[in-house]
Number of protein chains: 2
Amino acid sequence: MKRYDVCEERCIHEETVRKVEDEMLGDEVFSHLSNDFKMLGDLTRVKMLFALSREELCVCDLASILNLSESAISHQLRLLRNHNMVKFRRDGKMAYYSLSDQHVVQLLKMGVEHAQE
Amino acid sequence: MKRYDVCEERCIHEETVRKVEDEMLGDEVFSHLSNDFKMLGDLTRVKMLFALSREELCVCDLASILNLSESAISHQLRLLRNHNMVKFRRDGKMAYYSLSDQHVVQLLKMGVEHAQE
DNA sequence: TGCACATATGAGCATTTATTCACATGAAAA
DNA sequence: TTTTCATGTGAATAAATGCTCATATGTGCA
């Protein structure tokens, strides 16, 4: 277990570092946070989420819109489900997906604003 | 080049799919978007960005706060720089980093809200 | 100049991840 | 029941990614 304490005793701004350390959140929070953003950090998934922000869609619809295999879409939908970003309802053979809340929409909106600068 | 057109002519909801296809953004926008979110989708980087949202910090400070090597931090800072998420100023031997705009802060804030549900 | 030190970077390695293929599941229709 | 079809999933593979180690860069100071 390395400590990287070379700098820790010389160059750092002790005050500032201590202050920021105090303000840091718990590891689980950061972990949760980065995992959520990771869901948005993929071209396929971000397109899927954007599409779902417009309409409820089945696997087949998404596959058609993104021009990807249904298997690929299904795999990604499972990830999104596990991260509580989408919900779904079954109707016969079909499964209809939609966003599980409005947070994703807001994040997407903010992201687009930033991207368009 | 597969077309996955099996479904395209049978099970899809043509109306809905066409509507959503019309509303989809350009590929460059989605690409930009997912790349930005990807920067937030890593435990180390999200911690770095959070820390930088509190104080301007040097490489050494960040390494100390995250308990990681300065090399690792430097590599990640380069990524963040390339994505215009952090800016830096040199002062002698030191390099001081800070967030390049408030968008990241807002995204982090929204992410935390969502994570805490 | 020459040394010390903070930061930057290239190569290598181990891990993660996105897609495909093949097959399983489950519901509707024949 | 048997068939069909939309969806779900495990295994495999190729690509991307994060860290480490070694080394380079560049600044301040003796």
Side-chain angles (χ1 to χ4, degrees), chain A residues 1-13 17 30-31 34-35 37-49 56-64 66-83 86-97, chain B residues 1-13 17 30-31 34-35 37-49 56-64 66-83 86-97:
Chain A
M1 179 77 87
K2 297 240 180 109
R3 284 289 329 195
Y4 304 114
D5 50 11
V6 183
C7 236
E8 224 159 334
E9 310 200 344
R10 287 197 272 196
C11 74
I12 57 163
H13 309 77
V17 167
F30 281 125
S31 185
S34 62
N35 283 329
F37 281 123
K38 200 171 288 181
M39 286 302 102
L40 288 154
D42 172 79
L43 187 56
T44 297
R45 285 192 297 267
V46 90
K47 284 182 181 175
M48 288 170 66
L49 291 169
E56 181 189 61
L57 297 164
C58 69
V59 176
C60 203
D61 293 336
L62 282 165
S64 171
L66 301 199
N67 199 33
L68 266 176
S69 74
E70 285 139 38
S71 178
I73 296 291
S74 194
H75 275 294
Q76 296 294 11
L77 281 171
R78 178 159 57 150
L79 283 179
L80 293 172
R81 255 188 286 131
N82 292 342
H83 287 264
V86 300
K87 61 186 176 188
F88 77 113
R89 67 182 175 86
R90 275 206 101 89
D91 184 15
K93 288 185 273 193
M94 320 282 280
Y96 291 93
Y97 283 84
Chain B
M1 179 75 88
K2 298 238 181 111
R3 285 286 333 197
Y4 304 116
D5 49 8
V6 184
C7 237
E8 225 159 332
E9 309 198 343
R10 288 197 272 193
C11 75
I12 57 163
H13 309 76
V17 166
F30 281 125
S31 185
S34 62
N35 283 329
F37 281 122
K38 202 171 287 182
M39 287 300 103
L40 289 154
D42 173 80
L43 188 56
T44 297
R45 285 192 298 267
V46 90
K47 284 182 181 175
M48 289 171 66
L49 291 169
E56 181 189 62
L57 297 164
C58 69
V59 177
C60 202
D61 293 335
L62 281 167
S64 170
L66 301 199
N67 198 35
L68 267 177
S69 74
E70 284 140 39
S71 178
I73 296 291
S74 194
H75 275 294
Q76 297 293 12
L77 281 170
R78 178 161 54 151
L79 282 180
L80 293 171
R81 253 189 286 129
N82 291 343
H83 286 264
V86 301
K87 61 185 176 189
F88 77 112
R89 67 183 176 83
R90 275 207 100 91
D91 183 15
K93 287 185 273 193
M94 319 281 280
Y96 292 93
Y97 282 84

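The model shown is predicted, which means the values in this text are computed figures rather than measured ones. Proteins get letters first, then strands, A, B, ... in listed order; numbering begins at 1 in each.
- Taking atom CG of B/Leu80 as the reference point, atom P of D/dT17 lies 13 Å away to the nearest angstrom.
- As judged by a 4.0 angstrom heavy-atom cut-off over every strand, B/Tyr96 is placed among residues making no nucleic acid contact.
- As rounded to whole Å, 17 Å separates atom C1' of D/dG18 from atom CD of B/Glu70.
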What are the atom names and distances for every N/O pair under 3.5 Å that joins the protein to nucleotides 14-18 of chain C?
{"from": "C/dA18", "atom 1": "OP1", "to": "A/Arg45", "atom 2": "NH1", "distance (Å)": "3.3"}
{"from": "C/dA18", "atom 1": "OP1", "to": "A/Arg45", "atom 2": "NH2", "distance (Å)": "3.0"}
{"from": "C/dA18", "atom 1": "OP2", "to": "A/Arg45", "atom 2": "NH1", "distance (Å)": "3.2"}

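- Residues B/Gln76 and B/Leu62 have side chains not in contact (no heavy-atom distance under 4.5 Å, counting atoms from C-beta outward).
- A/His75 contributes atom NE2, which lies 9.5 Å from atom CG of A/Leu79 (distance to the nearest 0.5 angstrom).
- Taken to the nearest 0.5 Å, the OG1 atom of B/Thr44 stands 6.5 Å off from the CG atom of B/Leu66.
- Interatomic distance, CD of B/Glu56 versus CG of B/Asp91, reported as 9.0 Å (0.5 Å rounding).
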Distances under 3.5 Å only, N/O to N/O: pair up the protein atoms with those of nucleotides 10-13 of chain C.
{"from": "C/dG10", "atom 1": "OP2", "to": "B/Arg78", "atom 2": "NH1", "distance (Å)": "3.4"}
{"from": "C/dG10", "atom 1": "O6", "to": "B/His75", "atom 2": "NE2", "distance (Å)": "2.9"}

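- Between the CG atom in A/Leu40 and the CG atom in A/Leu49 there is a gap of 6.0 Å [rounded to 0.5 Å].
- Atom P of nucleotide D/dT27 and atom NZ of B/Lys93 are separated by 12 Å, given to the nearest angstrom.
- Atom CG of B/Leu66 and atom P of D/dG18 are 14 Å apart (whole Å).
- Separating the CZ atom of B/Arg90 from the P atom of D/dG26 is a distance of 9 Å, rounded to the nearest angstrom.
- For B/Met94 and A/Asp91, each mapped to the nucleotide of DNA chain C holding its nearest heavy atom, the one lying further toward the 5' end belongs to B/Met94.
- Listed for the B/Arg45 side chain is a donor-acceptor partner under 3.5 Å among the backbone atoms of B/Met39.
- The shortest heavy-atom contact between A/Cys58 and B/His13 is SG-CE1, 3.8 Å.
- The minimum heavy-atom distance between B/Cys60 and B/Glu70, with the atom names listed, is SG-OE2, 4.2 Å.
- At whole-Å resolution of the value, CG in A/Leu77 and P in D/dT9 are 11 Å apart.
- Taking every side-chain heavy atom of B/Tyr97 into account, C/dA8 is the closest of C/dA8, D/dA6, D/dG8.
- If you check C/dT9, D/dT7, D/dA6 against the side chain of B/Ser74, the one that comes closest is C/dT9.
- For the pair A/Ala72 and A/Gly92, both in contact range of DNA chain C, the more 5′-proximal nearest nucleotide belongs to A/Ala72.
- Distance, A/Ile73 CD1 to D/dG8 P: 11 Å, rounded to whole Å.
- Atom CZ of A/Arg89 is separated from atom C1' of D/dA6 by 14 Å (rounded to the nearest Å).
- Nearest approach of A/Ser34 to B/Val46, heavy atoms of both residues: CB-CG1, 4.1 Å.
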